[in-house]
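In what follows, a structure is listed as structure tokens, so that the remarks can point back to it.
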Protein chains: 2
Amino acid sequence: MSQQTAKKTKHNKPSYHHGDLRSTLLNAANALLRETGIEGLSLRKLADKVGVSRTAPYHHFKDKNQLLCAIAEQGFVRWHQDAEFIFNQKGLLPQEKYRQFFHGYISYAADNPELYDLMFGRTIWKQNSATEELRKAAFPSFHHQVEMTKKWQAQGLMPSGEDTLRLSQVTWGTMHGIARLLIDGIYADRSHIDAMCDCAVNLFTQHIPEAED
Amino acid sequence: MSQQTAKKTKHNKPSYHHGDLRSTLLNAANALLRETGIEGLSLRKLADKVGVSRTAPYHHFKDKNQLLCAIAEQGFVRWHQDAEFIFNQKGLLPQEKYRQFFHGYISYAADNPELYDLMFGRTIWKQNSATEELRKAAFPSFHHQVEMTKKWQAQGLMPSGEDTLRLSQVTWGTMHGIARLLIDGIYADRSHIDAMCDCAVNLFTQHIPEAED
DNA sequence: AGCATATGTTGACGCTGTCAAGATAACAAT
DNA sequence: ATTGTTATCTTGACAGCGTCAACATATGCT
């Protein structure tokens with residue numbers, strides 16, 4: 001079962017030291033997470049998969065929680081890239097840009113369900129076990145949404161009468177709720193998601209005279 | 001540690017058979033769930049708590065999943081009672097009734113965080129492990145929301161232009177998202193949730209001339 | 001060359017869910 | 001009342017889990 005991915009010496013014998021175990025573990029963990037979910041991700045299976053003894057990972061991650069935090073951290077970085085791509089588009093009407101952002105969020109969750117569960121799930125956040133690095137990677141995500149909400153209110157896209165922070169929380173909460181219902185298997189049918197997103201966007205935004213963003 | 005809750009004979013010796021183990025287990029499981037969360041709820045601790053051997057529960061629940069489903073089932077029944085109380089109130093404006101429903105939903109989740117996690121979490125739904133009884137208890141919850149949404153649209157409280165099913169999914173998704181952000185520890189601050197709920201209700205409803213519901 | 005440090009290993013512990021086999025009580029039929 | 005069936009409860013056992021302790025080996029600095 002165990003695959004040998006350790007570096008080889010010039011005589012093609014596997015060396016005692018792996019050489020790049022931390023990132024190898026992270027990659028394998030991402031794959032294992034995608035295949036088996038959080039529940040199926042055990043340190044022992046992971047170690048076996050990369051061809052290393054069961055306690056070797058402990059030299060690179062203090063415990064399982066730190067490994068999970070590191071995976072989630074990568075998830076936030078990648079989502080940031082996706083979101084920035086959407087926001088940096090030129091020549092889009094504000095409502096169209098918001099629509100794409102909403103759909104992009106749900107798509108990211110739907111395409112990486114187990115990762116999303118890790119990023120926003122209770123496993124990490126409930127018992128305050130998030131590492132400092134993870135917090136630093138996750139916080140800008142919500143902060144950015146607040147900033148954009150403020151802008152959208154100023155543009156007249158979103159109701160200016162509501163408190164910006166509350167409005168951000170509600171709109172993000174809606175995205176999070178739809179994402180969770182989807183990835184937790186409560187809405188089995190992904191084919192309705194686009195329509196749901198459009199419906200939500202309609203509720204949150206009002207038409208404004210054309211003005212590029 | 002182990003408490004003896006088994007029935008006693010006339011000579012005050014604990015009898016070999018418990019007599020009411022199934023409901024005793026359910027009660028203890030609810031308490032244990034509230035105290036330690038899903039992760040901390042083990043069959044062995046549970047059995048010990050009610051003073052019975054570790055495999056005794058298997059004569060009343062096929063496996064741990066069936067026990068969890070039974071707990072969740074009770075959760076749905078109790079939520080139904082709360083919701084019905086709200087809907088049966090007389091002399092309330094539609095928007096006020098909807099506001100109470102929204103707040104009631106979030107309050108139920110906030111007051112029973114671990115139970116809510118069980119009712120709507122991936123533990124049960126993700127791998128299609130919900131029992132038939134649980135499905136029968138859970139489905140009316142959403143069905144009722146769709147019916148009410150249809151009514152609210154007809155009353156002019158909610159936008160009639162949107163598809164009823166989509167609208168139900170979005171509004172429920174919002175409640176679910178806010179509930180989850182709260183109970184998963186992502187919004188640590190419960191003091192903001194009333195304002196968040198009001199904000200969401202404002203976004204979803206439009207003022208209609210006074211008409212009791 | 002020698003020594004500290006990083007990184008890898010095996011052994012062990014207590015926890016978990018759950019199966020198998022046996023003990024005990026309750027109950028239905030004779 | 002006795003017998004047999006069935007429901008219920010018991011202990012024993014197993015594999016899987018996270019993780020600590022102790023030990024092995026390679027790397028790198030002085």
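Letters A, B, ... mirror the listed sequences (proteins, then strands); counts begin at 1.
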Figure out the NE2/C1' separation between B:His60 and D:dT10, and round it to whole Å. 13 Å
The criterion is side-chain contact (heavy atoms from CB on, under 4.5 Å); which residues satisfy it with B:Asn27, sequence neighbours excluded? none
Taking the axis from the first five pairs and the axis from the last five, what angle separates them in the helix from C:dA1-D:dT30 to C:dT30-D:dA1, rounded to 10 degrees? 0°
Does anything in residues 165-183 of chain A pair up under salt bridge (Lys or Arg N to Asp or Glu O under 4.0 Å), and if so which pairs, sequence neighbours excluded? A:Asp117-A:Arg180, A:Arg180-A:Asp184
Classify the side chain of A:Arg54 and the base of C:dG11 as holding, or not holding, a donor-acceptor pair under 3.5 Å. yes
What's the CG-P distance between A:Leu25 and C:dT7, to the nearest Å? 12 Å
From CG of B:Leu67 over to C1' of C:dT18, roughly how many Å is that when rounded to an integer? 14 Å
Between C:dA6 (C1') and A:Phe61 (CZ): distance, integer Å: 15 Å
Under the salt bridge (Lys or Arg N to Asp or Glu O under 4.0 Å) definition, can you give me all pairs with a residue in residues 60-70 of chain B, not counting sequence neighbours? none
With B:Thr164 as reference, evaluate B:Lys150, B:Lys151, B:Gln153 under the side-chain hydrogen bond (donor to acceptor under 3.5 Å, both in side chains) test and give the passing residue. B:Gln153
Can you tell me the distance, in whole Å, between the NE2 atom of B:His59 and the P atom of C:dA23? 15 Å
I need the full list of salt bridge (Lys or Arg N to Asp or Glu O under 4.0 Å) pairs touching residues 132-147 of chain A, with sequence neighbours left out, sorted by first then second residue. none
side-chain hydrogen bond (donor to acceptor under 3.5 Å, both in side chains) between B:Ser129 and B:Gln66: does it pass, once the steps are laid out? CA-CA 8 Å; B:Ser129 60; B:Gln66 286 224 353; over 6 Å; no
In chain order, what residues pass the side-chain contact (heavy atoms from CB on, under 4.5 Å) check against B:Asp198, with sequence neighbours excluded? B:Arg99, B:His103
ring-ring contact (aromatic ring centres under 6.0 Å, His included): which pairs involve residues 40-76 of chain A, sequence neighbours left out? A:Phe76-A:Phe120
Which of these nucleotides, D:dT8, C:dC19, D:dG18, is closest to any side-chain atom of B:Thr55? C:dC19
Can you sort out the partners of A:Arg22 under salt bridge (Lys or Arg N to Asp or Glu O under 4.0 Å), two or more places apart, ordered by chain and number? none
Can you tell me how far C1' of D:dC17 sits from CG of A:Leu32, to the nearest Å? 14 Å
What is the distance from CG of A:Asp48 to P of C:dT9, rounded to the nearest Å? 11 Å
Write down the protein N/O and nucleotide N/O pairs, taken from nucleotides 14-16 of chain C, whose separation is under 3.5 Å; answer none if there are no such pairs.
from   : atom 1 : to      : atom 2 : distance (Å)
C:dT16 : OP1    : B:Ser42 : OG     : 2.9

What is the separation between atom CG on B:Leu21 and atom C1' on C:dA26, rounded to the nearest whole Å? 16 Å
